[in-house]
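These notes concern the structure reproduced below.
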Protein chains: 2
Amino acid sequence: MADVKTGARARGIDRVIALMEHLHRLRTPTRIADIARDTGTPRSTVYELVNTLVEARWLELRDGDGTVYFGPAMHYYGSDYLDSVDLIRKARGEVTHLSESVGETAQFCMLDGDKYLVVLNEPGRRMFRLSSEIGIKVPIPWTASGRLLVDHMTPQEIRAFIPAEDFTLPDGRKIVEAEFLHDIAQAREAGFVRTTALVDRFTTCMAAPVRDPAGRCIATICFVVPADTEADQQAMMIDALKASAARLSGAR
Amino acid sequence: MADVKTGARARGIDRVIALMEHLHRLRTPTRIADIARDTGTPRSTVYELVNTLVEARWLELRDGDGTVYFGPAMHYYGSDYLDSVDLIRKARGEVTHLSESVGETAQFCMLDGDKYLVVLNEPGRRMFRLSSEIGIKVPIPWTASGRLLVDHMTPQEIRAFIPAEDFTLPDGRKIVEAEFLHDIAQAREAGFVRTTALVDRFTTCMAAPVRDPAGRCIATICFVVPADTEADQQAMMIDALKASAARLSGAR
DNA sequence: TCGATTTGTCCGATATTTCGGACATCGATC
DNA sequence: GATCGATGTCCGAAATATCGGACAAATCGA
């Protein structure tokens, strides 16, 4: 990433990259002075850059309280990206359809390095938002989909690939490696995976694998639902996921 | 905008802004040398910047044929933007629901300066994509929605607001100002607007206004369909648009 | 096979952008 | 009403990022 040495003079573009990554991590409009402090950028430099970026609509001044956040240009460029990647464009259709027809939150997920992340998220009809952190990296063992996304690796490869600390959940519990490997084998066998109360005590996640022609899992499509969702309802959702995943696997 | 004087030395960030705007205009992966030529940026500078941007995932090398296009980071930042703007977040739900339930392309549109643009686009079930130019500026008179978005202005204000050349369609036909003003009055009266064969001979567009508490049209929600769509089908779609627009107007 | 064109890397110089700090406003708090 | 902190602007100096051009490698075409 754009590593900006503290105290040293840096290129504007590196400062901007750090700024945007910072806003994405915070996920909330932020005051300029805070950005300067937290990214280690001189105050006068941030003001200068923010003015430029606001002019270009990359950022927007919010609320009139001196905070800035992403602007519309990011949405336009992001849409161009989505449209340009075949698999993702198709996945959009599947995810919206699943979410609309079932009424629950549906997602499309991939790996980014040794982390899992949500690429597409379509919220369901529920009031309370069960999650929606597009582009936020999460340890692989914390997720249902993660169990599918590494299912082409040997146990040794998995051990080398996933950082050891990623097996510790946010609440401090540890995921036993043997169980994790067992989950993976079982998921590959069944063609889907389901986890409950992993990151969040009251949430169940169901996922199906999207595979490339070689059979390798390159993405997953999944539902995020309350843990007390009826069993037959869950079975229906798993079937829908498998059908969507199969369409995406075929379409190449 | 980021105006980069030809021949002069420019800041990296201004070069990057020009580069991204250029890619957005082209809407296709582009070779680095072409970017250099068309944006007036020195070749060595573009290579340098592209490397930095690829590393940050703002851009992606495509195809292995030396072209670059937007990368996943743009999608993440764009999603953050969509989630952060209340009206747009709600509009997403309406647009996806309209598109899913009716099976036709639905859009959410706003003004950007004196131009119209599509903010959200959800394609219908048809094979041929009838349009989807998110974030591309279009002259107001070329669109159905445009007739709603200026309906709070007097004829004089409209004349001052819309550039004269914007009344000429891509095929050279001219839109008579009197008819345009008549359309606007009629649309405000009816609570919706419909145009056929404006930009595209075989396309009909229907739109309903989203209004702020003061009654001013701040956005529109619309369907884009083939011109030969049945009349009763169109009537049903207009009702659906009005209902969605009303929900968005109320939700403040 | 051999030029012609394109693509990508590298390097040194200098025009310029970043940076620190000073300063003026503004609001809140006591 | 005085003090403190936060916000935003401005300026000169110097560290350095941009740029032009040279060069090698790859690709193309005839």
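Just so we're clear, the structure is a prediction, and the values are computed from it rather than from any experiment. All chains are named by letter (A, B, ...) in the order of the sequence lines, taking the proteins before the strands, and each is independently numbered beginning at 1. Hydrogens, waters and symmetry mates play no part in the numbers below; they use all other heavy atoms, side chains included.
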Can you check the Glu48(B) CD to dG20(D) P distance for me, whole Å?
15 Å
Applying side chain to side chain contact (heavy atoms under 4.5 Å, CB included) to Tyr69(B) and Met74(B), what does each step give before you reach the verdict?
CA-CA 11 Å; Tyr69(B) 201 54; Met74(B) 292 295 105; over 6 Å; no
Salt-bridge test for Glu122(A) and Arg92(A): reply yes if a basic N is under 4.0 Å from a carboxylate O, no otherwise.
no
Where do Leu149(B) and Met110(B) come nearest, in terms of heavy atoms and distance?
CD1-C, 4.1 Å
Test side chain to side chain contact (heavy atoms under 4.5 Å, CB included) applied to Lys90(A) and Arg247(A), step by step:
CA-CA 9 Å; Lys90(A) 282 164 183 150; Arg247(A) 278 190 292 274; over 6 Å; no
Pair Glu48(A) + Arg11(B): basic N to acidic O under 4.0 Å:
yes
Looking at Pro72(A) and Glu60(A), what are the two nearest heavy atoms and their distance?
CD-OE2, 3.3 Å
Specify the separation, in whole Å, of atom CG of Asn51(A) and atom C1' of dG8(D).
9 Å
Looking at Ile140(B) and Arg147(B), what are the two nearest heavy atoms and their distance?
O-NH1, 4.4 Å
Determine, stepwise, if the pair Asp14(A) / Arg9(A) fulfils salt bridge (charged side-chain N to carboxylate O under 4.0 Å, His left out).
CA-CA 10 Å; Asp14(A) 288 332; Arg9(A) 179 176 168 156; over 6 Å; no
To the nearest angstrom, the CZ-P distance between Arg37(A) and dG20(C) comes to 16 Å
Between Lys115(A) and Asp112(A), does any side-chain N to carboxylate O distance fall below 4.0 Å?
no
Got a list of protein N/O to nucleotides 11-17 of chain D N/O distances below 3.5 Å?
unit_1: dA15(D); atom_1: N3; unit_2: Arg9(A); atom_2: NH1; d: 2.7
unit_1: dA17(D); atom_1: N3; unit_2: Arg9(B); atom_2: NH2; d: 2.7

Less than 4.0 angstrom from a charged side-chain N to a carboxylate O is my criterion; do Arg27(B) and Glu133(B) meet it?
no
Difference in axis direction between the ends of the helix from dT1(C)-dA30(D) to dC30(C)-dG1(D), five pairs, 10°:
50°
Under 3.5 Å, which protein N or O atoms sit close to an N or O of nucleotides 5-8 of chain C? Give each pair with its distance.
unit_1: dT7(C); atom_1: OP1; unit_2: Arg31(B); atom_2: NH1; d: 2.5
unit_1: dG8(C); atom_1: OP2; unit_2: Tyr47(B); atom_2: OH; d: 2.9
unit_1: dG8(C); atom_1: N7; unit_2: Arg43(B); atom_2: NH1; d: 3.2
unit_1: dG8(C); atom_1: N7; unit_2: Arg43(B); atom_2: NH2; d: 3.4
unit_1: dG8(C); atom_1: O6; unit_2: Arg43(B); atom_2: NH2; d: 2.9

